[in-house]
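Down below is the structure, laid out as structure tokens.
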Amino acid sequence: MQNYSFFSLARNALSSHKNWQAAWRSPPLKEEYDVIIIGAGGHGLATAYYLAKEFGITNVAVLERGWLGGGNVARNTVTVRSNYLRDQSIPFYVKSVSLYEGLTKELNFNMMHSKRTMVDVVHNYPKMRDLRRRQLTMDIYNSTYEQITVEKVRQLIPALTGGGPGSRLPIIGGMVHKDAGVNRHDAVAWGYARAADSLGVEMHQKTGVTALLRASNGDIQGVETNKGVVKAKKVVVAVSGHTTTLTETAGLKLPLRTMNLTAFVSEPIKPIVDVIVNCSDLGFYFSQSDKGELVIGGAPDSAQSFRRDIKQHVFEDTVGAMLELFPSFKKLKLLRQWGGHLDITPDASPIMDETSVPGLYVTAGWWGGYKAIPAGGLTMAHHVAKNMPHPLMEAFTCNRFKNLDYILETGTTTAR
Amino acid sequence: MLLINCPFCKERNETEFVYGGPVGVDRPDPNAVADQEWVDFLTLVPNPTGPVFEKWWHARGCGEWFVICRDTVTHEILESPDEKS
Amino acid sequence: MKNHRRLESGGRVDRSKRLNFSFNGRQYYGFEGDTLASALIANGVKVIARSFKYHRPRGIIGSGIEDPASLVELLDENASGNNLATTVILKDGLKAKSINCWPSVNFDFGSIIQYFPKLVPAGFYYKTFMWPNWHLFEPSIRKAAGLANAPQVPPKKGHFESRNAHTDVLVIGSGPAGLAASLTVAKTGVKVFLVDQNSEPGGNLLSSKLFINKQPAIAWVDDMVSELAKMDNVTHMQNSTAWAYREHNLIIVNEREVDNSSIIERSWRVRAKKVVIATGAIERALVFANNDRPGVMLASAVQTFVNRYAVKVGDNLVFFTNNDSVYSYIDDLENAGINILAIIDSRKKIPDQCLSRAKKIKVMANSILKNVNGYKQVRSINVQSLDTGKFETISCDLVAHSGGWNPAVHLHSQSRGSLKFNEKIAAFVPNKSIQNSINIGACNGTFALAEIFKETNQLMSKLSGEVKSESREDNFEVDEQHYSIEPLWSTDLSDEKEKAFFDIQNDVTYDDIQLALLEGYSNVEHVKRYTTGGMGFDQGKTGNINIIGAIAEQQGVGLDSVGTTTFRSPFTPVSFGSINGVRQGSVVLPFRHTPVTKWNLEKGAFMYEAGARWRRPGYFPKKEEGFQEAVNRECETVRYGVGVYDGSPLGKFELKGKDVGVFLDLIYTNIMSSLKPGAGRYGLMLSDDGLIFDDGVAFRIDENRWFISTSSGHSDAINQHMKKVLTFDRPDWDVKITNTTNQWNNATICGPLARQLLEKLSTNIDIDNEAFPFMTFREGMVAEIPARVIRVSFTGELSFEINVAPRNMLKLWEKIIEVGNEFKILPVGSEASHVLRVEKGFLSLGHEVDGTVDAYDLGMGWLMSKKKIDYIGKRSVNLRRGEKSKGRRELVGLLPHNPNEAIPEGAPITPKGKKVGTEGFTTACVWSVVNKRWVGLGLIEDGHSRHGEEACIRMKDRIIRAEITKPIFHDPDGKLLRS
Amino acid sequence: MGYDVKIERNLLHALFDLKGSVEDVSSYLKEHIGSIPVEPNSYVTYGNLRVLYLGINHWILLAPIDEEQKLLELLKPEFCPASISIVLISDTLKFFRINGANADDIMAVASPLNLNADAFTNNSATFSEVFGLKALIMRHGDGYQFGIDQSFGDMISDYLDLTMAR
């Protein structure tokens, strides 16, 4: 892998940047691989990388219907955090956050991971109690969460001038999650892809999988694509939103519904907010990117959808919530907005498991799955390589629904 | 924001309605089905890329629950219930 | 300063209305009808802004929303961040300044970076700043981020509005196509909305000097507009941008310059049966070295500034084009006194009708503008003939270029319509519409005026058919126009040292695009993201197509197979204030009051946000009294005297029909159908997956009538649930439900003295315990008010819930307080209620029910009917418990070893207090006034069999040890509430 | 410059909620009041009394508040047959009246309902949304009146003040 550094940049400048290598190759598609990963999004690419890096499995193809890194990794709001409620979830996300922190160096690709802390703005006492429960449970797993006063909230976020004592929903305090950060989402996809490629993993873009193929004994034996049949004894489905579309071609039904979640950015402005602001009582969250845009998210749409679109009323609710706390943003302008679809399970926690089809693995149900990419990739690779789940993912099985054992995470999306 | 055809009130803004999930199988007799069948009823819902039958409640209108058929890709409403009165 | 670049006459500015403004602290003036851009040009101001990355000086390039560079910040009362000078309507007193430059636009420290451009190619930040750590670099890079400053305060005057509109036809764009279409449709009598982003109608006709029906086009525009104005069924709005095309033909329009001085901006949600998109076309740039120097402009902008604003942009002009359109500007510009030195045309063969318009001008076919000389101002250009390879330098102060025209397909594309690449005009045009919309005119790829009218007529008669009317035939005579083009996505820059920009705002150069492609970022989305091309304030309106073209050329494919990046809303940036509208302050979220709310506030209650948007009193502190003292006082009043609380928010429903009994048996876990008239029961409702949904009571009024009450937070959900079950699962059952939540308010008096108080209030109900036992209700008069009195208890004490009509509630309340005085009655807030229910071990949905427990875990298995074959949730609870009932978290009492030590609510319980996975948590902990100690409730694994053992609550710095007990700390036999 | 409207707030009407099949309700009402409307979301008038048809098998009887007692005696909610349900709900809705030149502007801000004259006529009545809440909307004079859940009355009042643009 070509090394990236200031010196390589300077050296290449001398040759007018004509000698850079492609970040990943475009090899011809083979007839068979050890492992096929469907979906070159965050989870698919991370799984490929860790399969090669940690488990030495390099005869791997990542098949992507569209363009590499074009899934939800291209559309999310890049918040990385580990403030979860349940014992099953917290250690998983703690691991993910720590992997993210080392990722720039590990992949030699600057993710610009900025550990800038998240501030939960709290408006009611039941919420505060819930967050305190999180705080004390998170402490067991070394994730930090500290209660702060209203004054401290305002000190950390000077632009937050609303929510005063006479307002509709006065702020009563906040929680600070210092482990939280943001980074460059495209860099995560490209960094994993480049590193996986250098270890021998193949990326195949514009290679859409149309069906999963099973052998006569029921095991998975490969996939059918727009470029022909490709064989593999192990297939990982990492196609947020379209999971059931694919698994149903193998006769496998999964408890997933596909929904649309949207985000938007403001015009670029000089730095005004340095932390990630989250306010679930009103229903919005945002951070300011290094480009100066505020990256803002809110609640999901209610109904099922495969259309990456904006529901005007959901969008207006988010804007109204933000303006309540940041009234000076009234003249700030919306620059761009978009949607992405993802699938959700009955308990809103993910499924990472080998399915009842031997050799077929799914990683799905990611509802805010960006933060889970490194740990999701690592544990999935572990499962595929060792034929047994990684301890951190053990709870997130398909089978938990057989006994209706839910892992209910309130606030799985950052807002609501 | 959809424009949903309520059987009583005709076309109304989506904000007047509450989404009630896709129409799955009918609720089985809980005393007559195997565990797996019961769990499937609770957790497996149709999730097609295309037309899906789904329940909506006209919460801020006439109060009727009804079923429409909507395309999950285009959001076009392909079938609405007949006008009833 | 004087307007020395202003023409003596012409244009659409009103020279009698002089407007003073300031830019970067200097005073200037312009006229009504000017934009900030035209006024700055009139005053000879050339450098408007500095670019994002290289801080190169930038001038005005376009004349409207397409301009990629002229960003300014508005100050004072109009303060707003990034604005294109070309779209800022000039106002008297306007103050603006340049963005992204320090200390000033003419001397910019940041520009030093441009001397090291080789070190900052596209995506350089992905490759460096990694050692030793990104955190060291981020602060200084972050400082350079952003463009303008965000406004520091909200607008001081006025407010925003958002509103709804419904129309038969929405026409977007009041250019020639839009105006003709509007009038045609409006004459059929249907309701028409016509919106347009510009300050004046006419679209491109405002900039040209064309003739329609032998009169100047602008006169035709005036005729059309005045005819439309006479029609009641037409709503015509200028300064109104349709910026989002949502599903089901919902279009969002941002209206500025509202005819109501207190409204800053207005947002319209327009629902249209049919949408006619007539948004015109946007001129695109050509890519050549130093194509960003002030004085390099889009050709159409030069024409617009001259014809519409009467400003002479430069004196000596060179055109650079690959298409016909610049040839039609020649006369207008020469008439304005601009000296046209040359037309550089990249085409080998230039159409004759073009050449005939340029007879006196040097036309250089098959030639390329190689580069521009000058820094803050164009000084000269170098042109190369591709025939001979020879170079020539031409001194000039203005370069007007045209790379062709892109139909403004943004809204069509937002509506999910598809696009196709039209080779004839070398541009993407609408293909299929998905929603009920059509494209007409230039946005449909039809550029010549005569053809626009022809097409509009055709399409409109078809549309008129849809809206039930005869078609009409207009016959417009217009001057001929021709349009042909040979695409030139980029000039040959392989050996060029100077920068050539694809995206002028984000400083994305030819080299950047090449680098992205070299490194394998081959998809158009990759190129956009790697280089940030097209991601600026202008979202690449003039430049994106060239990026697509460059990719196509490099990959040797057609533009069709490269495709476009997604067109996202908004079409142009729009303020969050207008999107939000009037919703602010007290109404930012809904709120609900009872008739007692005002009284509570007057009595100094500390108000809480409760479920379902109710605002409820938490406690009533006396002066200089803390939280705990106030709560203790209220609790003691209930335990030893009598208190009163406002229970109005409880959800209430009346049910009638012959099947209500069986229905209640289905939705509650226990049996309700056996109740006698006048009697009621407490019950649990589950969802079908066995989770606890609500708890409440059901009472029978007579054979066929019942009422139920639910928790206040869930009444809407329960209404929904009941009707859903009746519609889909039990359609044959006769159950009619009326929501009476708002028909009944209640004051609940509770405590050992409650009966005495009720007697004092005077009632015709026999309130003796025998005659009116626990869990029954009676109707009668209380304090001369018709009332329904219910004996339920959420505190564990003797209670009477006195329900009355809301119009009588305050009267009842005040009477209770007045009469209760002698019993030292106190109003009780939700904090005291919490303490009282914890002392009794009563369930609270938000505390003990967190989605993992069932009724058995809570020790309420007696509510789970064994007799009933089915009730909602039964099967799932049994399935979840399965054979094993070990390891479940069960409700227990927690008595801290130290009676004065509180356990924070939510605190986790771990085995022996170790730093390991939890075995439970504290659901509630209160100071018990009857036990004079802290008492808690918790959920802990196998808790029912662990009474007497020790629970270890793990805090960060210590362990709180507590005894596990039964979850009840007061009157375990329930004698008091039945007394 | 504000909108030119006159707003009356928090008015009470006598209201009776009626449910049951069309046959049952129409025969019961015919006996006591008159025939019921046929068009969904419309009403018929009998003197100062209106019968509103608001949902499948759902009507509301609306009259001045001082008629309440008289109607109670006439309709006898407790004694009507099991097949129909009559519930007094006068206090459930607080009514607001908006009249004047700009009544349409206020309603355009408040409600997504199509209030164009051809879509919402003089004898239309329907449940729809006002400021995001369920509301019973009718025309009134040169403007409108709408009823909103009683507990939201103060909120609607605040909302109207904001909308009046003063």
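Lettering of chains follows the sequences in order, A, B, ..., and the numbering in each one begins at 1. Note: hydrogens, waters and symmetry copies are ignored here, and every other heavy atom, side chains too, is used.
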ask   = Just by distance, do the side chain of B:R60 and the backbone of D:A135 share a donor-acceptor pair under 3.5 Å?
value =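 Pair absent, no side-chain N/O of B:R60 close to backbone of D:A135.
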message = So, taking the atom named CG in D:L113 and the one named CD in B:E16, what distance separates them when rounded to the nearest 0.5 Å?
response =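 The CD atom of B:E16 is 6.5 Å from CG of D:L113, to the nearest 0.5 Å.
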key: From CD (D:E129) to CG (B:N13), nearest 0.5 Å   =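 Going from CD on D:E129 over to CG on B:N13, the span is 7.0 Å.
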query = Which answer fits D:L133, side chain, backbone, both or neither, if we ask what part of it has an atom under 4.5 Å from a heavy atom of chain B?
reply =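 Only the backbone of D:L133 comes within 4.5 Å of chain B.
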key: Side-chain touch B:C62/D:I56, heavy atoms, less than 4.5 angstrom   =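 No - every pair of side-chain heavy atoms lies 4.5 Å or more apart.
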query = Between D:T126 and B:R12, does a side-chain contact (heavy atoms from CB on, under 4.5 Å) hold up when you go through it step by step?
reply = CA-CA 11 Å; D:T126 186; B:R12 291 292 178 88; 2.7 Å; yes
inquiry  = Can you confirm whether B:N31 is buried at CG, in the sense that more than 12 heavy atoms of other residues, nucleotides or ligands lie under 6.0 Å from that atom?
reply    =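 More than 12 heavy atoms, drawn from other residues, nucleotides or ligands, come within 6.0 Å of this atom.
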inquiry  = If you count every heavy atom of other residues, nucleotides or ligands that lies below 6.0 Å from D:E8 atom CD, does the total exceed 12?
reply    =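 Yes, enclosed.
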request  = Taking all non-hydrogen atoms of both residues into account, name the closest pair between B:F8 and D:L54 and its distance.
outcome  =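 Closest approach of B:F8 to D:L54, heavy atoms only: CE2-C, 3.3 Å.
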